[in-house]
Amino acid sequence: MNRTARAFWLDSPGRGEIRELTLPAPGEDEVLVRSLYSGVSRGTETLVFRGGVPESQHTVMRAPFQEGDFPGPVKYGYLNVGVVEEGPGNLTGRTVFCLHPHQTRYVVPAHAVTPVPDGVPAGRAVLAGTVETAVNALWDAAPLVGDRIAVVGGGMIGCSVAALLARFPGVRVQLVDADPARAVTAEALGVGFALPADALGDCDLVVHASATEQGLGRALELLRPEGTVVELSWYGDRKVSLPLGEAFHSRRLTVRGSQVGTVSPARAGRSYADRLALALDLLADPALDALITGESAFEELPDVMPRLASGAVPALCHRVRYAGPDRSTHV
């Protein structure tokens with residue numbers, strides 16, 4: 001069995017490279033996985049690529065199989081789908097999802113991989129980590145039948161939240177973004193769309209995921225009295241101003257943080273594995289293919305990542321494909 005592999009590393013902020021390594025033989029309770037696809041979560045990963053992780057968050061922001069430390073050199077990433085080449089009999093040959101950085105092959109504990117359901121293509125399963133974040137956010141937000149909801153910020157997380165909300169009976173869901181091109185994505189997901197100035201107000205709930213000060217301010221404006229903003233944005237080392245004057249207190253508004261690193265207290269009886277398995281089941285919906293807006297080969301990552309970070313390549317989820325004899329059978 002071939003024990004060599006290649007991995008993408010952030011050598012220093014703004015500069016990536018591919019490094020070769022030799023893998024250990026998998027132990028009794030480990031698996032050797034050959035990557036089919038990985039995904040670049042544009043918000044978090046490009047922030048890491050720019051060196052924007054605050055020192056106070058270096059520990060919190062570590063990915064499960066990260067190597068190195070922020071700001072670099074560091075091997076970072078958490079959306080990987082591959083095939084188990086060696087491991088326990090019940091996993092060998094299975095397509096699995098793992099929270100692993102961009103790497104052609106890797107060895108991890110068997111419990112770190114989750115089988116991809118038969119009805120979910122491997123190319124879509126790279127969204128599992130993002131849909132898992134959306135699941136946790138909605139556990140925190142607790143939307144009700146008939147709610148009027150806005151999702152401010154049509155990035156990868158915001159669109160995932162909107163896609164799940166589209167399944168709730170009787171709700172009015174509107175995706176709000178400054179980019180009019182997001183209207184096409186909203187239509188594919190089955191939700192309404194509006195530019196910030198045209199968004200419908202009187203919302204019971206607003207999920208904010210634009211990672212901008214202006215977006216958070218607009219989210220508060222869209223609420224009905226005693227409404228709630230659930231804040232999903234990760235600002236890194238940037239400071240934002242929050243408009244807590246004017247009618248914030250008289251309208252008794254709430255801003256609540258949500259973060260995928262902890263299972264929502266509203267579902268304290270669920271494990272991380274339960275949450276991820278649910279996300280993978282939800283990915284049977286082909287409408288979620290709209291979240292994958294670009295693709296490139298693994299070997300191109302050192303050139304592609306700077307362009308993703310700068311916005312030269314617009315993307316929600318950018319998919320990375322790996323060479324392999326049977327990759328095409330899992331798309």
Side-chain angles (χ1 to χ4, degrees), residues 5-10 16 18 33-49 63-65 75-83 95-106 113-117 119-134 154-163 179 181-182 184-185 188-189 276 279-280 282-331:
R6 290 172 294 157
F8 176 74
W9 280 73
L10 171 62
I18 291 176
V33 179
R34 174 173 54 79
S35 296
L36 296 172
Y37 296 99
S38 60
V40 178
S41 178
R42 188 173 179 273
T44 302
E45 286 198 58
T46 59
L47 185 145
V48 169
F49 189 77
F65 295 101
K75 183 175 74 174
Y76 192 82
Y78 48 84
L79 302 173
N80 185 284
V81 175
V83 173
T95 300
V96 295
F97 176 85
C98 184
L99 296 167
H100 198 279
H102 310 284
Q103 187 166 310
T104 57
R105 282 183 170 88
Y106 53 90
V113 302
T114 302
V116 174
V120 177
R124 190 187 306 150
V126 294
L127 296 168
T130 305
V131 173
E132 182 185 10
T133 300
M156 192 172 170
I157 298 296
C159 285
S160 296
V161 171
D179 182 359
R182 286 288 181 263
V184 176
T185 306
L189 297 176
L276 180 57
L280 282 163
L282 292 170
L283 280 164
D285 185 352
L288 290 162
D289 285 333
L291 303 185
I292 299 170
T293 53
E295 183 175 293
S296 59
F298 168 74
E299 291 77 12
E300 298 175 287
L301 267 177
D303 295 324
V304 169
M305 281 297 292
R307 299 170 64 203
L308 286 170
S310 69
V313 176
L316 293 174
C317 177
H318 187 85
R319 188 165 62 194
V320 179
R321 65 179 181 273
Y322 294 76
D326 47 3
R327 182 190 63 80
S328 62
T329 65
H330 296 268
V331 296

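Source: prediction; values computed, not measured.
The shortest non-hydrogen separation linking G119 to R124 is O-NH1, 4.5 Å. Smallest separation of non-hydrogen atoms from V96 and P115: CG1-CA, 4.0 Å. For A284 against V120, the heavy-atom pair with the smallest separation is N-CG2, 3.7 Å. For the pair C317 and G39, the tightest heavy-atom approach, listed with the atom from each and the gap, is SG-CA, 4.1 Å. Smallest separation of non-hydrogen atoms from F97 and V126: CE1-O, 4.1 Å. Between A315 and L308 the shortest heavy-atom distance is CB-CD2, 3.8 Å.
To the nearest 0.5 Å, atom OH of residue Y78 and atom CD of residue E132 are 11.0 Å apart. Rounded to the nearest 0.5 Å, atoms CG (L316) and CG (L288) are 11.5 Å apart. Atom CZ of R321 is separated from atom OG of S296 by 7.0 Å, given to the nearest 0.5 angstrom. To the nearest 0.5 Å, atom CE of residue M305 and atom OG1 of residue T46 are 6.5 Å apart. Distance OG1/T293 to CE/M156: 9.0 Å, rounded to 0.5 Å. Note that OG1 of T104 and CD1 of I18 are 9.0 Å apart. Values are rounded to the nearest 0.5 Å.
Between F65 and C98 the shortest side-chain heavy-atom distance falls below 4.5 Å. Residues L79 and L127 fail the side-chain proximity criterion, which asks for heavy atoms closer than 4.5 Å. Side chains of L189 and C159 form a contact here, defined as non-hydrogen atoms less than 4.5 Å apart. You'll find the side chain of L291 stays beyond 4.5 Å of the side chain of T130, heavy atoms only.
Partners of R307 according to the salt bridge (Lys or Arg N to Asp or Glu O under 4.0 Å) rule, which considers only residues two or more places apart in sequence or in another chain, do not exist here. D179 is linked by a salt bridge (Lys or Arg N to Asp or Glu O under 4.0 Å) to nothing, counting only residues two or more places apart in sequence or in another chain. Contacts of H318 classified as ring pair (Phe, Tyr, Trp, His ring centres under 6.0 Å), with partners at least two apart in sequence or in another chain: none.
Just one of F8, Y37, Y322 meets the ring-ring contact (aromatic ring centres under 6.0 Å, His included) condition when paired with F298; it is Y322.
Between H100 and Y106, the ring-plane angle classifies as parallel under the 30° and 60° cut-offs.
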- Message: For a side-chain contact (heavy atoms from CB on, under 4.5 Å) check, start with the C-alpha distance between N80 and Q103, then their side-chain angles and the critical distance, and finish with the verdict.
- Response: CA-CA 9 Å; N80 185 284; Q103 187 166 310; 5.8 Å; no
- Is there a side-chain contact (heavy atoms from CB on, under 4.5 Å) between L36 and R34 once you walk through the steps? CA-CA 7 Å; L36 296 172; R34 174 173 54 79; 3.8 Å; yes
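At least one donor-acceptor pair closer than 3.5 Å links the side chain of T133 to the backbone N or O of G129. Under the 3.5 Å distance criterion, the side-chain polar atoms of R319 are matched with a main-chain donor or acceptor of G123.
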